[in-house]
Every structure is written in structure tokens, then in C-alpha cells.
Amino acid sequence: MGSKVKISFYPIDVDFSEVENGTALRVFGFTPEGKKIVLLAKGFKPYFYATIREGLPAEQVAAKISAQEFEYKGRKLKMRAEKISGMELKIFTEFPTDVPVAQDFIKRLDEIDKTYEFDIKFFKRFMLDSGILPFALHEATCEPAGKLGDCEVFETETIKTISTAVLAPKILAFDIETLSAGQQPNTKTDSIIMASFYGENYKKVIAWKRFNAPDYVQFVDGERELIEEFIKTVRAFSPHVLVGYGSDHFDFPFLRERAAKYNLRLNINYDGSEVFINTKGRHAAKTTGLQHLDISHFIRNIVSIETSRFKLDAVAKELIGKGKSKTVDPALISEIWSSNDAGQLQNLAEYNLIDSQLTFEIAKKILPTQMQLLKMLGLNLYEINRMTYGQLVEWFLINNAIKSKTRFPPKPRAFQVFERRKQTYTGAFVVEPTPGFYKNLCVFDFRSLYPSIIASHNISPETINCKCCRGLKIVKLETGEEFWFCTNKKGFFSELISDLIERRKRINEILITTNPQDSAFAELQARQHALKYIANSMYGYLGFAGSRWYSIECAKAITALGRQYIQDVIKEANKFGLRVIYGDTDSLFIDNVNKEQAKQFLQIINTVLPKPMELELKGAYSSGLFLERKTGEKGAKKRYALLSESGSIIMKGLEAVRGDWSKLAKKAQKKVIELVLKTGNVEKSAEFIQNLIKDVNNKKIPLDDFIINVKLTKDLRDYANISPHVAAATLANQKGMPIGRGSVVSYVVTKGESDKISDRVKLAEDASVNEIDSDYYIESQILRAVFKIFEVFGYAVENFKTGQMRLA
DNA sequence: GGCTCCCGGGG
DNA sequence: GTGTACGGGAGCC
């Protein structure tokens with residue numbers, strides 16, 4: 001028996017994992033002195049809840065369950081049931097994996113009514129129950145139990161939270177550069193040539209080719225040494241948070257594959273183990289003892305930004321006001337590397353470093369918000385960073401259910417989700433835009449429309465159509481359905497959302513009088529963002545098929561009230577002499593208006609609106625292009641492009657052209673939108689397209705612009721259909737090129753007899769401009785990328801093909 | 001019209 | 001793993 005010691009520490013990472021003699025909950029962290037430690041938490045048992053049928057004796061049912069034993073996978077599975085209340089049992093199992101099995105057994109018993117809380121991962125259950133808050137000060141009485149990787153190991157029974165103030169984590173951002181022989185880097189054939197790091201007062205680039213370079217560049221002998229140095233750098237810097245941009249699906253998978261080539265272990269984890277890369281579904285790289293955050297997830301899922309693309313350059317420009325290095329074209333990295341040109345190599349090193357720096361600065365900007373979410377939701381930053389809006393609310397609700405000692409409902413089963421998806425309901429009120437070009441636009445929107453509706457009408461799954469308030473304050477739908485909400489009792493959703501709104505309002509009031517340079521400012525800002533994100537997600541969660549708290553009735557009532565409010569505002573706008581050209585849910589686009597008029601209108605409208613509701617000016621734009629909305633019975637998509645006063649273009653729903661299109665199509669779409677917005681003159685765009693078509697017909701376009709790159713996601717023989725890229729890959733194989741799963745095929749479409757494109761593909765390297773099927777590129781690439789825009793102005797694209805530009 | 005397959009981010 | 005991403009568009013069948 002070792003001696004007990006008391007330890008103060010800051011947790012960083014909690015997981016449930018294999019240890020020497022079985023499995024354990026592990027709490028990784030560091031002491032105030034900066035020592036890395038891991039606590040093995042004992043004495044926390046897996047459990048779930050069950051309610052028994054009315055009138056049955058709880059003790060006897062509990063005793064019966066505790067006496068049960070059944071065979072499962074060659075092992076006797078045991079349970080222990082405890083009476084919690086007259087109706088409720090808490091059922092413990094030996095192992096976490098026993099819970100779903102035991103639950104399945106228990107719910108079938110005659111004595112049991114319902115089961116609860118059986119579908120939450122063990123370490124999450126532990127975190128929420130124990131209240132462990134990463135980056136806050138904790139204390140534990142424990143026994144030393146050796147070493148694990150970089151950490152001292154301790155065994156403990158209980159962990160106590162001393163303070164809920166969270167430390168600012170120590171951040172290290174990283175980025176790698178690779179060669180790319182083909183169109184895209186391939187882990188099998190291309191090596192990693194550089195890696196960069198950026199932290200507080202820290203910058204470093206590792207490269208394995210020597211050139212005259214600034215001090216921050218460290219040279220190594222080769223790729224293997226680069227990877228070794230990469231691992232050493234991370235472990236020596238000892239970040240709490242390791243951030244990358246797109247690192248879940250690019251940097252880490254690439255590092256791992258290349259490390260494997262040299263039989264190296266990618267052991268940057270603080271327990272000495274390798275980075276775990278989940279390859280099922282979307283990739284995710286999980287590190288142990290430190291948090292690896294691919295911040296592109298949080299930007300994409302949670303942070304609302306105006307660029308519809310999530311490339312680092314665009315995101316950085318918007319969030320921190322600067323973009324990537326312009327001195328290097330990523331497509332030319334391989335050339336630069338082989339050129340031995342010191343100037344170019346220096347540029348490359350700087351380019352690599354700047355990517356890390358941008359990632360670091362974006363992380364600095366969003367981490368405070370993530371830390372606030374962490375305080376509200378528990379869990380690890382790893383989970384917080386990758387959450388969608390739905391998960392944000394879900395964990396917020398689960399936390400609050402636990403706090404208020406009510407049981408949270410299970411996730412719906414697949415068939416329930418399927419059934420729910422079949423049900424549709426009337427969504428928001430939409431003023432369909434007349435497609436066209438508009439000038440001097442102002443965008444107005446309701447501040448938190450749905451949250452304030454939920455709060456002010458007490459909307460919640462348990463308050464809707466309650467028995468006690470039938471007939472009071474009815475919301476009536478066009479279908480005749482009627483909804484009302486309890487006036488006697490506050491609902492679970494509405495009470496929580498009222499609190500979120502109230503807290504956010506108070507913070508915003510303080511923010512107004514706080515100096516932005518003040519250290520408190522950033523934290524308050526982060527807090528109000530966290531509150532906003534959660535409040536804004538609550539409505540969607542009620543109508544989301546995968547929701548634990550699904551209530552289509554609530555969702556119906558909320559949208560009905562929303563329609564009422566926006567229609568009222570539109571009426572007021574018309575009275576004021578303003579024309580709404582487009583409106584959706586909570587926002588209105590008005591053209592031919594200056595900011596002065598806009599402000600006057602706001603003042604009038606906000607005195608008329610009922611209390612929590614408020615209309616705001618969201619933005620002003622010099623021009624806008626509205627397209628026909630894509631129609632479909634579900635979720636008509638908005639499509640428009642705006643030109644901001646600063647000259648940047650904002651696009652919504654226009655990104656039809658993606659990576660698997662030719663450059664030709666991408667260029668065409670970009671140019672047309674730009675020309676229309678900046679000149680307002682569609683003739684110019686039409687001329688541009690006609691010239692482009694002429695150039696295609698006259699073979700004046702380089703072959704490069706015709707190439708289509710598509711990745712093979714499986715082995716060739718596994719394809720059911722011979723799609724163009726599969727046909728192209730087959731051609732490559734016939735030539736003896738090793739193209740298989742994971743490689744990118746580059747092909748062009750050539751002229752030929754067959755109707756099928758797949759019969760007419762040719763490998764890009766074997767094709768010439770003369771063979772190009774101009775018709776395919778004109779119709780299926782250029783015109784398909786731009787016809788929506790021309791339709792708006794009454795041009796029929798058929799006319800373009802014959803070279804005559806005419807109105808339809 | 002249904003099914004299959006790819007995209008995103010990264011170099 | 002106290003389990004399974006997602007929605008949209010193009011081309012094949």
C-alpha cells in the first residue's frame with residue numbers, strides 16, 4: 001500500500017481507456033508546477049435509470065433485478081438495482097459496455113415502465129456527474145502508481161473541483177507542407193517537406209532541405225527526421241491545446257501514413273501512445289493528455305461567418321483581418337522544393353509559418369468562446385470544438401436535466417428518426433425575391449426571433465397543450481391545429497432560454513461600457529457568444545429528427561408565431577414606403593434605401609413591436625443579385641450574392657461549382673458573378689461567356705482548364721457503376737499506373753460516338769486540346785455553372801451555344 | 001427515378 | 001462502442 005498524497009491540478013483531458021489491468025477513467029492534467037499527471041479514477045460505476053409500473057413495490061423489483069444474472073458473450077452479466085424513489089430505480093453494471101445490454105434486458109421486464117440515460121458515453125457520464133471542469137483547479141487525494149508516458153500516475157477515489165475559473169490554455173498551432181506529384185498530395189507517393197509551429201512568443205519551421213534561412217527554420221536530414229522532430233517539438237513545448245486547420249482530415253492522417261512508412265510511432269500523446277485517428281465517417285484525430293483541435297469544425301459548424309467557403313485564407317481574412325502568404329502558390333510547392341532557389345524556399349518556409357500563425361490567431365480568437373461553452377457543457381475541448389448546433393443544445397439540456405434531477409430522454413432509434421423525417425410542417429414566412437439585380441440594399445433582422453418567442457410564450461415539450469390551460473392564448477395554424485402553453489408552470493426549454501437571454505442581455509449591457517482593450521472585454525464577448533449560440537439552437541433542436549427532446553408541435557407553434565411577427569413588420573415597412581424585395585424567417589432585404597432612412601424605420605418599428613422583440617440593421621450593401629430559389633418540397637435554398645460596401649462579395653447558395661469541376665467552370669462562375677455585381681451590367685457577363693465559348697470552340701483554352709479531378713474512394717473492383725472517374729482510373733491501370741483507392745484521377749472528356757461520358761474520358765496526360773468535347777464543356781461545365789444567373793435576366797442559355805445572345 | 005458516388009478542408 | 005455524419009448534385013443504370 002503506497003502512501004496517500006494530496007494533489008492540486010488542472011485537468012486537460014478525460015477519457016476512458018485500457019490500462020494495465022483492465023479499463024479505467026483517466027483524468028490527464030498538469031500541476032501548478034507544470035508537471036504532467038494522470039489520475040486513474042476508481043469507484044465510479046456505470047449505471048442507468050428505470051421507472052417501474054405504477055403500484056409495484058420498488059424494493060422488490062430492485063431485489064429481483066439485482067438477483068438476475070444472464071449469459072452474454074460467454075460471460076455472466078450482473079446488475080445491481082437501487083431504489084431512488086417510489087417509482088424509480090438506479091441500475092448499476094460492472095462494465096460500461098454492459099449498459100446497453102442490461103438496458104435492453106430491463107426494458108422488457110413486465111415490472112418496468114421506461115428506461116433512461118443509458119446512451120451516454122461512460123467518460124461523459126463521469127465528467128458530468130463528477131463536475132470535472134477542464135482547465136479549472138481541482139484537488140484529489142491519491143496514491144502514486146508509477147509513470148505512463150510523460151505523466152506521473154496516481155490512483156484516486158474522488159476528485160474535487162476547487163474553483164470554476166478556467167485558465168487560458170497554452171496553445172500551439174501547427175501546419176505541414178507536402179509535395180504533390182499529382183493534382184493532390186498522396187500519402188503513398190508524396191513526402192512531408194516542412195512543418196511549422198506557432199505559439200505565444202514561439203515560432204519554428206522544420207525542413208529537410210538546407211537553404212539560407214531565417215533563425216526560426218530548423219534543418220533536419222530527411223522526412224523521417226522531420227517527423228521525429230515534429231513529435232519532439234510538440235512534447236517539448238507541452239501545449240494544452242494543439243491546433244490545426246483541416247488537421248483532422250489532412251495533416252494528421254498524412255503524418256500518420258508517412259510515419260508508418262518509416263515504422264515511426266506518431267506518439268505525441270502525453271501517455272506515450274500514438275494519435276488516434278478515427279477513419280470511420282469523417283476523420284477526427286484524438287490526442288491523449290492534450291487537446292487536438294481542428295478549428296475548421298468550429299468555424300464551419302458554429303461561428304457564423306460571411307464567406308460561404310471555409311478555406312483558411314477566407315476565414316482568416318474575415319476573423320483576424322489578414323490572409324495567407326501570397327508569395328507561394330500551393331500548386332507550385334513541389335516545383336519550389338525541387339528548384340533549390342533559396343529565395344523561393346524562404347518564401348515557402350514563411351508561407352508554412354504564416355499558416356500556423358493564422359491558425360494560432362484564429363484559435364486565440366475562438367478559444368475563449370469554446371472555454372465558455374466548456375464551462376456550460378462540461379466535456380473536453382475536443383468534443384466542444386467538433387460540436388454542431390444540435391449537439392450544443394443537447395449537451396446544454398443534458399447538463400441542466402442532471403442539475404434539476406430530471407431524467408434526460410434517450411436518442412431516438414433509427415426507425416423513429418425515419419418516421420419523424422416523414423413529418424413536415426410549415427416553416428418560416430418567406431417573401432420570394434423577384435430574381436434580379438438590386439442596388440443600395442439594407443438587411444434588417446430580428447434579434448433572436450425564435451429564442452424570444454420560446455421565452456415569451458413559455459414554449460417547451462411539457463408545457464404545450466397542457467391540461468390546465470386549455471383554451472388560453474391559443475396559437476392557431478392554417479391547418480386548424482391549435483396550440484397553447486401552460487401559464488401556471490415554467491417550461492424546461494423556456495425557462496432555460498429566458499435565463500440565457502437574460503444573462504446575455506446583462507453581459508451586453510456591461511460590454512457597451514467596457515473598453516475593448518480591457519482584459520474583461522474578450523471574456524464577456526466570449527460569454528455572450530456562447531449564450532447566443534446555445535439560445536439560437538434551441539428551436540432547431542425541437543424540430544430535429546434526431547433530438548432527444550423532439551416536439552414537432554413546439555416547432556410548429558414557434559414558426560407560426562415567427563410568421564406572424566415578420567408579416568407585421570413587412571406591413572409596417574410598406575406603410576413607411578419601403579419595398580421588401582426578399583424576406584426569410586427573421587430577416588428582410590430592402591432596396592433603394594440609405595442608412596438614414598433605415599435608421600428612421602428601425603426607430604418606428606421598434607416602438608411598435610411587443611417587448612422582447614427587436615429589429616436590427618444587419619448590414620448595408622451596394623448591390624445584390626438574387627436568383628430563383630431552388631425549389632423542392634423541403635428546404636428551399638436561398639441563392640444570392642451581395643457586394644458589400646468594402647467591395648467583398650458574399651455568396652449564399654451559389655456554390656454549385658466545387659473541386660470536382662473543371663477550372664473552366666470555376667472561372668466562368670466567379671467572373672460572371674463579379675461582373676454582374678460590380679457593373680450591374682449583365683451584357684458584359686454575357687459577352688464574357690460568349691467569348692469564353694468561342695475560345696473553347698477555337699481550341700484557345702489550355703488543356704489544364706479542362707481537367708476534372710476526382711478521388712477514388714474505394715478499390716476499382718468495388719464500384720457498382722462505371723462513372724467517368726472510374727473509367728479514367730481503369731485507363732490508368734491499363735497503362736500500368738498504380739491508381740487505386742485514395743488516388744486522384746485527372747481526366748478530360750473527349751469527343752466520341754457514345755452517349756455515355758464514361759466512354760469518352762481520357763487521362764489528362766494523354767489528351768490534347770484538339771480532342772476535347774467542346775459541347776460537353778460548354779453545356780455541362782460553363783453553362784451549368786452560370787445559367788441560373790443568366791436566367792434571372794431573361795437569357796436562355798441555349799442562345800449562347802449558337803453564338804447568338806438574345807433574350808429568351 | 002432510384003441508386004451510387006463525390007465534395008467539403010488540406011498541398 | 002452506453003455505436004454508426006450530412007446534404008446536395010451529377011451521372012449511371
Side-chain angles (χ1 to χ4, degrees), chain A residues 16 46-48 93 95-104 115-126 175-187 190-194 244-254 278 280-284 294-297 299-301 308-315 328-334 336-337 348 351-352 355 359 386 388 390-391 410-411 414 546 630 632 634-635 637 653 655-661 708-714 718-727 744-745 749 755-759 780-781 784:
Chain A
F16 173 67
Y47 68 89
F48 62 102
T93 65
F95 304 101
T97 44
D98 291 348
V99 169
V101 186
Q103 188 271 145
D104 199 55
T115 51
Y116 293 93
E117 306 197 1
F118 48 82
D119 58 354
I120 164 173
K121 280 187 199 159
F122 190 43
F123 83 88
K124 293 184 180 179
R125 171 95 262 175
F126 168 67
D175 180 51
I176 62 166
E177 304 300 329
T178 72
L179 297 177
S180 50
Q183 291 293 326
Q184 281 165 336
N186 183 317
T187 52
D190 299 318
S191 27
I192 301 171
I193 51 174
M194 282 188 189
Y245 196 89
S247 42
D248 267 351
H249 60 87
F250 182 73
D251 302 61
F252 266 124
F254 215 102
N278 183 10
K280 296 242 171 77
R282 221 166 163 64
H283 288 203
D294 174 349
I295 51 170
S296 69
H297 297 290
I299 308 278
R300 176 186 292 271
N301 295 339
S308 44
R309 296 278 171 177
F310 295 93
K311 292 178 183 295
L312 178 59
D313 186 55
V315 169
V328 171
D329 173 356
L332 302 179
I333 288 175
S334 300
I336 294 173
W337 190 248
L348 182 59
Y351 171 89
N352 187 202
D355 276 3
T359 306
R386 288 166 178 77
T388 58
Q391 290 164 312
K411 277 192 183 156
K630 185 193 169 309
K634 234 184 137 183
K637 282 277 181 295
E655 311 82 5
V657 176
R658 308 179 309 173
D660 49 350
W661 286 62
I708 297 167
N709 303 303
V710 184
K711 188 187 255 165
L712 293 159
T713 54
K714 42 188 178 181
D718 294 335
Y719 281 97
N721 295 336
I722 310 298
S723 48
H725 76 293
V726 177
V744 176
V745 212
V749 178
D755 284 343
K756 277 189 285 184
I757 297 166
S758 50
D759 289 339
S780 297
Q781 295 277 324
R784 200 172 275 175

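Below, read A as the first sequence line, B as the second, and so on, with proteins coming before strands; counting in each chain starts at 1.
In this view, Asp98(A) and Arg75(A) satisfy the side chain to side chain donor-acceptor pair (under 3.5 Å) rule, not counting sequence neighbours. With sequence neighbours left out, the side chain to side chain donor-acceptor pair (under 3.5 Å) criterion links Asn721(A) to no other residue. In this view, Trp661(A) satisfies the ring-ring contact (aromatic ring centres under 6.0 Å, His included) rule with no residue, not counting sequence neighbours. Residues passing the ring-ring contact (aromatic ring centres under 6.0 Å, His included) test with Tyr719(A), sequence neighbours excluded: His725(A). With sequence neighbours left out, Arg784(A) forms a side chain to side chain donor-acceptor pair (under 3.5 Å) with no residue at all. Residues passing the ring-ring contact (aromatic ring centres under 6.0 Å, His included) test with Tyr116(A), sequence neighbours excluded: none. Partners of Phe252(A) according to the ring-ring contact (aromatic ring centres under 6.0 Å, His included) rule, which considers only residues two or more places apart in sequence or in another chain, are Phe174(A), His292(A).
Residue contacts shown for Asp175(A) are limited to sugar-phosphate atoms, with no base heavy atom under 4.0 Å away. Looking at heavy-atom distances under 4.0 Å, Lys124(A) makes no contact with the nucleic acid at all. Contact annotation for Asp313(A): no contact, since no heavy-atom pair falls under 4.0 Å across all strands. Pro100(A) comes within contact range of the sugar-phosphate backbone alone, with a heavy-atom separation under 4.0 Å but no base atom that close. Within 4.0 Å of Tyr719(A), counting heavy atoms only, lie sugar-phosphate atoms of the nucleic acid but no base atom. At a threshold of 4.0 angstrom between heavy atoms, the contacts of Gln184(A) include nucleobase atoms, whether or not backbone atoms are also involved. Looking at heavy-atom distances under 4.0 Å, His297(A) makes no contact with the nucleic acid at all. Note on Ile333(A): only backbone sugar-phosphate atoms sit closer than 4.0 angstrom, heavy atoms only; bases stay farther off. Contact annotation for Trp337(A): no contact, since no heavy-atom pair falls under 4.0 Å across all strands. If you check every strand for non-hydrogen atoms under 4.0 Å, Phe310(A) touches sugar and phosphate atoms only. Note on Tyr47(A): a base of the nucleic acid sits closer than 4.0 angstrom, heavy atoms only.
Summarising the geometry, the separation between NZ on Lys311(A) and P on dC7(B) is reported as 13 Å, rounded to the nearest angstrom. Atoms CZ (Phe250(A)) and P (dG8(B)) sit 13 Å apart, rounded to a whole Å. Atom CZ of Phe252(A) and atom C1' of dG9(B) are 16 Å apart (whole Å). Following rounding to the nearest Å, Leu312(A) (CG) and dG11(B) (C1') show an atom-to-atom distance of 13 Å. Rounded to an integer number of Å, the gap from NE2 of His283(A) to P of dG10(B) is 16 Å. The distance from atom CZ of Arg658(A) to atom C1' of dA10(C) is 9 Å, rounded to the nearest whole Å. In this structure, the CG atom of Asp660(A) is 9 Å from the C1' atom of dG9(C), given to the nearest Å. For the pair His249(A) NE2 and dA5(C) P, the interatomic distance rounds to 16 Å; values are reported in whole Å.
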task: Please test Gln781(A) against Ile708(A) for side chain to side chain contact (heavy atoms under 4.5 Å, CB included), starting from the C-alpha separation and ending with a verdict.
output: CA-CA 10 Å; Gln781(A) 295 277 324; Ile708(A) 297 167; 3.8 Å; yes

message: Applying side chain to side chain donor-acceptor pair (under 3.5 Å) to Asn709(A) and Asp660(A), what does each step give before you reach the verdict?
response: CA-CA 6 Å; Asn709(A) 303 303; Asp660(A) 49 350; over 6 Å; no

query: Going through the checks in order, is the side chain to side chain donor-acceptor pair (under 3.5 Å) test met by His283(A) and Asn278(A)?
result: CA-CA 5 Å; His283(A) 288 203; Asn278(A) 183 10; over 6 Å; no

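Taking the P atoms as reference points, dG3(C) lies 31 Å from dC7(B), given to the whole Å. Taking atom P in both dA5(C) and dA10(C), one finds a spacing of 25 Å when rounded to whole Å. If you take atom P in dG10(B) and the same atom in dG8(C), they sit 23 Å apart, rounded to whole Å. Across the P atoms, dG9(C) and dG9(B) are found 16 Å apart, a figure rounded to whole Å.
When distances are taken from the side chain of Arg300(A) to each of dG11(B), dG8(C), dG8(B), the shortest belongs to dG8(B). Comparing dG9(B), dG1(C), dC7(B) against the side chain of Lys121(A) picks out dG1(C) as the nearest. Listed nucleotides dC5(B), dA10(C), dT4(C) differ in distance to Trp661(A); the shortest reach to its side chain belongs to dA10(C). In this structure, the nucleotide among dG11(B), dC7(B), dG9(B) sitting nearest to the side chain of Lys711(A) is dC7(B).
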Distances for protein N or O near nucleotides 11-13 of chain C N or O, under 3.5 Å:
residue : atom : partner   : partner atom : Å
dG11(C) : OP1  : Tyr776(A) : OH           : 3.2
dG11(C) : OP2  : Arg784(A) : NH1          : 2.7
dC12(C) : OP1  : Ile757(A) : N            : 3.4
dC12(C) : OP1  : Ser758(A) : N            : 3.0
dC12(C) : OP1  : Ser758(A) : OG           : 3.2
dC13(C) : OP1  : Ile722(A) : N            : 3.3
dC13(C) : OP2  : Lys756(A) : NZ           : 3.4

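The base of dG11(B) lies close enough to the side chain of Ser180(A) for a donor and an acceptor atom to sit less than 3.5 Å apart.
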- line: Applying the Watson-Crick and G-U criteria (both distances under 3.5 angstrom) with [ ] for crossing and | for other-strand pairs, one obtains for DNA chain C .....||||||||

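Phe310(A) and Arg300(A) get closest at one heavy-atom pair: CE2-CA, 3.5 Å. Closest heavy-atom contact between Ile333(A) and Leu348(A): CG1-CD1, 3.9 Å.
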